[in-house]
Amino acid sequence: MRIGYACLAVGVPHTDMKSCMKKNVSMEKLSHLIAHNLESLDNLIGYNIKSGISLFRISSDLIPFGSSSVNTLSWQQIFCSRLEAIGQKITNSGMRVSMHPGQYTVLNSPKPEVVQRAVDDLHYHAFVLDSMGLSLQHKIVLHIGGGYGDKKTSKARFLAHCAYLDASVMQRLVLENDDRVFHIEDVLETGHVLGLPVVYDHLHNTANPCGLRKHHEHWITCCKETWKPKDGCQKIHYSQQDQSKQPGAHSFTISIAPFMDFYKSVETKDVDIMLEVKDKNLSAIKCINCTAGGKTMNTLEAEWRRYKYAVLERSQAEYLKIRALLKDKNAYPAVPFYTHIETALSKPLKQGDALNAAQHVWGYFKKAATANEKAVFYGLIDNYQRGTIPIERVKKWLFRLAVKYGETYLLDALYFSF
DNA sequence: TGACGTCAAGATCCG
DNA sequence: CGGATCTTGACGTCA
């Protein structure tokens with residue numbers, strides 16, 4: 001059982017993906033961007049290893065315009081050793097990665113030019129994974145595509161268009177149910193015909209269920225049959241609904257209580273769980289810490305170091321409750337710990353609490369800061385109190401001071417990311 | 001024609 | 001000028 005996250009990490013420096021606009025593409029620019037993105041990917045992999053995260057989705061934006069004719073750079077040759085080195089790192093750590101072309105890669109389109117782009121895009125994805133020397137357990141996840149008012153024909157067209165895909169793609173391809181058109185029964189049917197594994201997406205199944213209203217355990221068991229030994233452990237997608245948005249929209253964080261209920265229902269089913277959620281790595285670590293055995297209070301204390309000022313800023317009451325919770329060094333109250341954090345972070349920001357947290361963080365520099373830095377800080381505080389600037393301005397200044405004075409305790413504080 | 005989703009680039013504004 | 005904030009782009013489908 002692995003739990004992982006998709007594409008980018010919150011609060012981890014030097015892991016961003018850069019891109020550019022199509023009209024500004026040049027060889028020099030692309031070369032620069034790809035080098036940067038591969039460096040970021042390397043850092044992400046390193047972060048995952050350090051954090052005990054062994055399931056990860058690589059962003060399709062890794063190579064900007066990777067499957068477009070505007071990218072005439074021979075990046076496949078130029079960066080082959082770089083890709084191989086990152087792949088080695090992934091393999092050596094036992095990490096499992098995947099890639100997932102977005103909703104605009106539509107293999108079953110009736111338009112030939114759209115199909116051609118989808119084919120090119122899928123080969124690009126396979127090329128990246130192949131160049132990294134990754135085994136066939138590292139998959140490419142794809143949706144069936146559009147419905148075009150006739151699902152049966154649209155499904156048939158998907159089957160037909162798979163003939164345009166090289167073995168390099170087909171042996172990595174896995175199919176996922178979507179939230180609008182093709183539900184889990186459709187995808188299972190297609191998966192069986194093509195001999196391709198099926199990813200069960202829990203939230204999509206909620207938004208777009210099939211006629212047969214079965215419990216998710218039923219569908220996960222059905223999907224399991226589609227995963228052969230060469231494909232590796234069965235994968236599923238789990239996310240929660242953002243209540244304030246459209247059905248299917250991902251929540252900011254994984255709420256731990258409902259996740260634990262879900263987890264208990266699949267615990268013995270030997271599945272890898274990919275989380276799709278805004279706070280990315282943070283939820284992955286949360287869910288890992290609440291389900292993995294052999295963890296101690298040290299783990300929660302490390303998490304607390306990252307979260308504490310973000311919590312203090314939202315709720316002094318929850319801050320105090322967590323401190324009390326962490327007193328017993330022989331306990332491991334992971335679920336209550338994260339529940340308190342969720343409670344705090346869901347509260348609206350109040351000026352008094354925000355000021356209190358900012359003053360706490362300022363305490364790290366109070367002695368070292370120059371007179372000018374002090375004046376700037378209190379000037380910002382004053383403006384915030386008078387409502388002329390948002391608290392983010394104060395926090396950005398504090399972050400700059402943290403960088404300048406090398407306060408490593410603060411640099412990865414989520415206070416600066418929320 | 002615009003919504004959908006997603007992120008960062010690009011553009012513009014401000015002191 | 002640097003920094004903050006607003007707008008656009010890239011993609012395809014569908015109402």
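Numbered from 1 within each chain, the chains take letters A, B, ... in sequence-line order.
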Tell me: [atom1] of [X] to [atom2] of [N], nearest whole Å?
| X | N | atom1 | atom2 | value |
| --- | --- | --- | --- | --- |
| A/Asp179 | C/dC14 | CG | P | 12 Å |
| A/Phe182 | C/dC14 | CZ | P | 9 Å |
| A/Ile144 | C/dG12 | CD1 | C1' | 16 Å |
| A/Arg57 | B/dC7 | CZ | P | 11 Å |
| A/Asp242 | B/dT6 | CG | C1' | 15 Å |
| A/Asp61 | C/dA10 | CG | C1' | 10 Å |
| A/Asp178 | C/dC14 | CG | C1' | 13 Å |
| A/His143 | C/dC14 | NE2 | P | 14 Å |

Do [X] and [Y] touch side chain to side chain, with heavy atoms closer than 4.5 Å?
| X | Y | value |
| --- | --- | --- |
| A/Leu345 | A/Tyr307 | yes |
| A/Ile184 | A/Val198 | yes |
| A/Asn383 | A/Arg393 | no |

Check: Taking atom types as modelled and ignoring hydrogens, do the side chains of A/His123 and A/Ser168 form a donor-acceptor contact shorter than 3.5 angstrom?
Finding: no
Item checked: Summary of ring-ring contact (aromatic ring centres under 6.0 Å, His included) pairs that have at least one residue in residues 143-165 of chain A, sequence neighbours excluded -> A/His100-A/His143, A/His143-A/His204, A/His161-A/Tyr164
Notebook entry, point to check: With the sugar-phosphate defined as primed atoms, P, OP1 and OP2, and the base as all remaining atoms, what B/S/- string results for nucleotides 10-15 of chain B, 5' to 3', for protein heavy atoms under 4.0 Å?
Noted result: S-----
Next item on the list: Mind telling me whether A/Tyr309 and A/Tyr415 have parallel, tilted or perpendicular rings, with 30° and 60° as the class edges?
Entry: perpendicular
Notebook entry, point to check: Relative to each other, are the rings of A/His202 and A/Phe262 parallel, tilted or perpendicular (30° and 60° limits)?
Noted result: tilted
Margin query: Here's a test of your reading of the structure: between A/Arg180 and A/Phe65, which maps to the more 5' nucleotide of DNA chain C?
Written below: A/Phe65
Check: Which one, C/dC11, B/dC7, B/dA9, comes nearest to the side chain of A/Lys22?
Finding: C/dC11
Next item on the list: Would you indicate which nucleotide in C/dA4, C/dG3, B/dA9 comes nearest to any side-chain atom of A/Arg400?
Entry: C/dG3
Next item on the list: Please confirm whether A/Trp75 and A/Phe127 have ring centers closer than 6.0 angstrom.
Entry: yes
Check: Is it true that A/Phe56 and A/Tyr47 have ring centroids separated by less than 6.0 Å?
Finding: no
Check: Which residues within residues 97-122 of chain A lie with some heavy atom under 4.0 Å of an atom in DNA chain B?
Finding: A/Gln103, A/Tyr104
Ignoring hydrogens and angles, write down the donor-acceptor pairs under 3.5 Å from the side chains of residues 12-31 of chain A, residues two or more places apart or on other chains.
{"residue": "A/Thr15", "atom": "OG1", "partner": "A/Val12", "partner atom": "O", "Å": "2.8"}
{"residue": "A/Asp16", "atom": "OD1", "partner": "A/His36", "partner atom": "NE2", "Å": "3.3"}
{"residue": "A/Ser26", "atom": "OG", "partner": "A/Lys29", "partner atom": "N", "Å": "3.1"}

Next item on the list: Rounded to 10°, tell me the angle between the two end axes of the helix from B/dT1-C/dA15 to B/dG15-C/dC1, each built from five pairs.
Entry: 70°
Margin query: For the CD1 atom of A/Ile144 and the CG atom of A/Leu159, what is their distance to the nearest 0.5 Å?
Written below: 7.5 Å
Output a table of donor-acceptor pairs, distance under 3.5 Å, between side-chain atoms of residues 76-84 of chain A and any protein atom two or more places apart or on a different chain; print 'none' if there are none.
{"residue": "A/Arg82", "atom": "NH1", "partner": "A/Asp42", "partner atom": "OD2", "Å": "3.4"}
{"residue": "A/Arg82", "atom": "NH2", "partner": "A/Glu39", "partner atom": "OE1", "Å": "3.0"}
{"residue": "A/Arg82", "atom": "NH2", "partner": "A/Asp42", "partner atom": "OD2", "Å": "3.1"}

Notebook entry, point to check: Counting any heavy atom closer than 4.0 Å, what does A/Gly147 reach on the DNA or RNA strands: base, sugar-phosphate only, or nothing?
Noted result: sugar-phosphate
Checklist line | Phosphate OP1/OP2 of B/dC4: any A/Lys245 side-chain N/O under 4.0 Å | finding: no
